[in-house]
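The structure under discussion appears below in the form of structure tokens.
Chain A is the first sequence line, chain B the second, and so forth, proteins listed ahead of strands; every chain is numbered from 1.
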Protein chains: 2
Amino acid sequence: MNKRPTLADVAARAGMSKTAVSLVLNNRPGSRLSDDAVARIHEAARELDYRPNAQARSLRLGTTGTVGFISDDVTVTRFASPMIRGLLDAADEQDRGVLIAETFKHPKQLRKAMEAMVDRQVDGLIFGALSARLVDLPPLPAGMRAVTVNCVNPEVPVAVLPDEEQAGYAVTRQLLDAGHAAGLAVIGNAPVARSDPRVSVTINRRFKGIQRALDESGVTPVAVEDIEFWEPWNGYDATKRVLESDAPVTALLCLNDRVSFGAQQAMTERGLRVPDDVSIASFDDDEIASYMRPALTTARLPYEQMGRQALELLLRPEESPGEHLVEMPLQVRGSIRPLA
Amino acid sequence: MNKRPTLADVAARAGMSKTAVSLVLNNRPGSRLSDDAVARIHEAARELDYRPNAQARSLRLGTTGTVGFISDDVTVTRFASPMIRGLLDAADEQDRGVLIAETFKHPKQLRKAMEAMVDRQVDGLIFGALSARLVDLPPLPAGMRAVTVNCVNPEVPVAVLPDEEQAGYAVTRQLLDAGHAAGLAVIGNAPVARSDPRVSVTINRRFKGIQRALDESGVTPVAVEDIEFWEPWNGYDATKRVLESDAPVTALLCLNDRVSFGAQQAMTERGLRVPDDVSIASFDDDEIASYMRPALTTARLPYEQMGRQALELLLRPEESPGEHLVEMPLQVRGSIRPLA
DNA sequence: GTCTCGTGCTGAAAGGTTTTAGCACTGGCG
DNA sequence: CGCCAGTGCTAAAACCTTTCAGCACGAGAC
């Protein structure tokens, strides 16, 4: 039952002082130790399989090499997974640990999670949210670095968000370029959500991008259906309404993939096929998008990139305040048929 | 730019020694301080908003109040989310922090992740995997507590697994009880996976439970289709084969929900409806199961419970070695039609 | 009047690291 | 010879907590 070797053990074995060992192992420039001494120290450390005690080091340094990730619900939803992946990946590259907490229940929980992390002396905090919205946060301790990802907060200087305007433009462009200018229906206008930043700060940008593409080509949709929540059954209902209205629809621009999924079911029920009868494109690249047949053309929410970028921005010494937009790449699959 | 207050600050303010403050704040039994002193100390701590320095405490105590969670891929997939939720939830209740890492790339990464956590002196390690399989782990440091969740390893004494045998039985029972004894097809036998514990240690139990229910009622399926990987397109193909064989099928027992999803597509294409023409039941309660119309009857993989239980077992002082099976609750939805 | 015991409290060490300040020695220069 | 600069190295403090050992004092017992 022998404990972990300490710096002192290494020093003793190498016949040097703790100072010397510390200097060598952290190879501090300017410490002029003989080559012989350096070699002996390295050898002793290797033999003992010495690993520094992180607590002791943090205590001395006031820094832990650990960052905290706090999310409302993200951690905990399928949406989150790629975000965490990106974050962990980047953290690993920079030899940082990641402490994680979720706070989906209550502001009190958020405060508690933050305190727990601050007590553990994290070097920075990343706040993530499920939907890209304005979030409330308790005041940050002075000097605490922070970045928000997929959300914004006035106290936090740097935010990582998906570039929804670009995506709105790209998806619409894709449909128009395929010749669907005359028969385009938009499934999922969301008047309520669009007016409340606490629901989403980016949703309007998605629409703005869509509008820009439409204006550019002088196109007016043949139908625009409101949906309050972008869920499959609502997409199903809305699509049904459009199909029953006898509007000359050749393509559905759905506001997300779950809506597309519902839309496709509605079409299948009426004997319409994708993309032969009606094309579909949408947003998010939800898992479901690749299960559908044909697979869905969609603009991907780049969660992994966002997670990665959040961590890198947090650790980057030079502040780069402001919004960092991450491109939403278009996944071109089989759901759009080019019209002759 | 004032730093956090320390124990010494509180002591000074209360006119007491650091010892006294420590005693009071951790209310150690047997330390007999006057009521007056206790009150003064609490007051001083409150006024300064004192919070103990976690590193210093850990250094002294050799314990950090933090557990590590390492997963192959779990962190990072939608499967994982509920597991992490359960784990974080339980951790929060016990005032533990959770350090997280993933190792989906390489054994070397796993080793590195473990070392990082051991260096940070976690009080215990939880290993999670995407599929319930036998995993390789580097040797654990002596005295390190550990539990595996959704995987097993000979070095780790306690493992948390879903109770697949019970689920197999329950799902099959549900179909048989609905009168489908004479027309039951099994979609997704997986001969290769069944023979390799490094792919899955639980898959055989699922089949065992199915078999038990079949034997109990003296039922032989009208078809058993092999599928190597349980993905939608394979389910689609397998179902198509069954439908084309003209076997008198009234119900499909699919081995997971993604297979069900593909199966349903194959049926829709042939103009068959669920559940009117054919019933379906399966396993996992994947997100997709609730999107399907009708929603799928399925045995839920209880990831959240498993995560929670893993953490609780890790922290429970009395060892309870062995496998801990968590029930897979049957989600009864609309995909099974009772036959008259 | 001395001993013993209980009460209320504190000093100092320990835990493992980093870092500042400085010691001892050598060789070269005036 | 005396001085200085450079070289190779180390003692000790500091980071903040917990806890062991024990001090001082007063009261009661003998």
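- Salt-bridge check for B:Lys18 with B:Asp9: failed, with every basic side-chain N at 4.0 Å or more from each acidic carboxylate O.
- With hydrogens and angles ignored, the 3.5 Å screen pairs no side-chain donor or acceptor of A:Arg300 with any backbone N or O of A:Met328.
- Under 4.0 Å is where a charged nitrogen must lie from a carboxylate oxygen, and between B:Arg198 and B:Asp136 at least one such pair does.
- Taking a cutoff of 4.0 Å between a charged side-chain nitrogen and a carboxylate oxygen, A:Asp123 and A:Arg96 qualify as a salt bridge.
- As rounded to whole Å, 17 Å separates atom C1' of C:dC9 from atom CZ of B:Arg28.
- Dashed line: the shortest gap from a side-chain N or O of A:Tyr50 to OP1 or OP2 of C:dT17 is under 4.0 Å.
- Going from atom CG of A:Leu7 over to atom C1' of C:dT17 covers 7 Å, rounded to whole Å.
- Between the CG atom of A:Asp9 and the P atom of C:dG16 there is a distance of 8 Å, given to the nearest Å.
- A donor-acceptor pair under 3.5 Å links the side-chain atoms of A:Thr64 to the main chain of A:Gln121, judged by distance alone.
- We find that A:Arg308 and A:Glu93 are joined by a salt bridge, their nearest charged nitrogen and carboxylate oxygen being less than 4.0 Å apart.
- B:Arg46 CZ to B:Arg13 CZ: the interatomic distance, rounded to the nearest 0.5 Å, is 10.0 Å.
- Using a cutoff of 4.0 Å between basic side-chain nitrogens and carboxylate oxygens, B:Lys112 and A:Asp95 are scored as salt-bridged.
- Of the residues in residues 112-123 of chain A, not one places a heavy atom less than 4.0 Å from an atom of DNA chain C.
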Under 4.0 Å protein heavy-atom contact, by nucleotide of nucleotides 7-15 of chain D - B base, S sugar-phosphate only = BBBBBBBBB
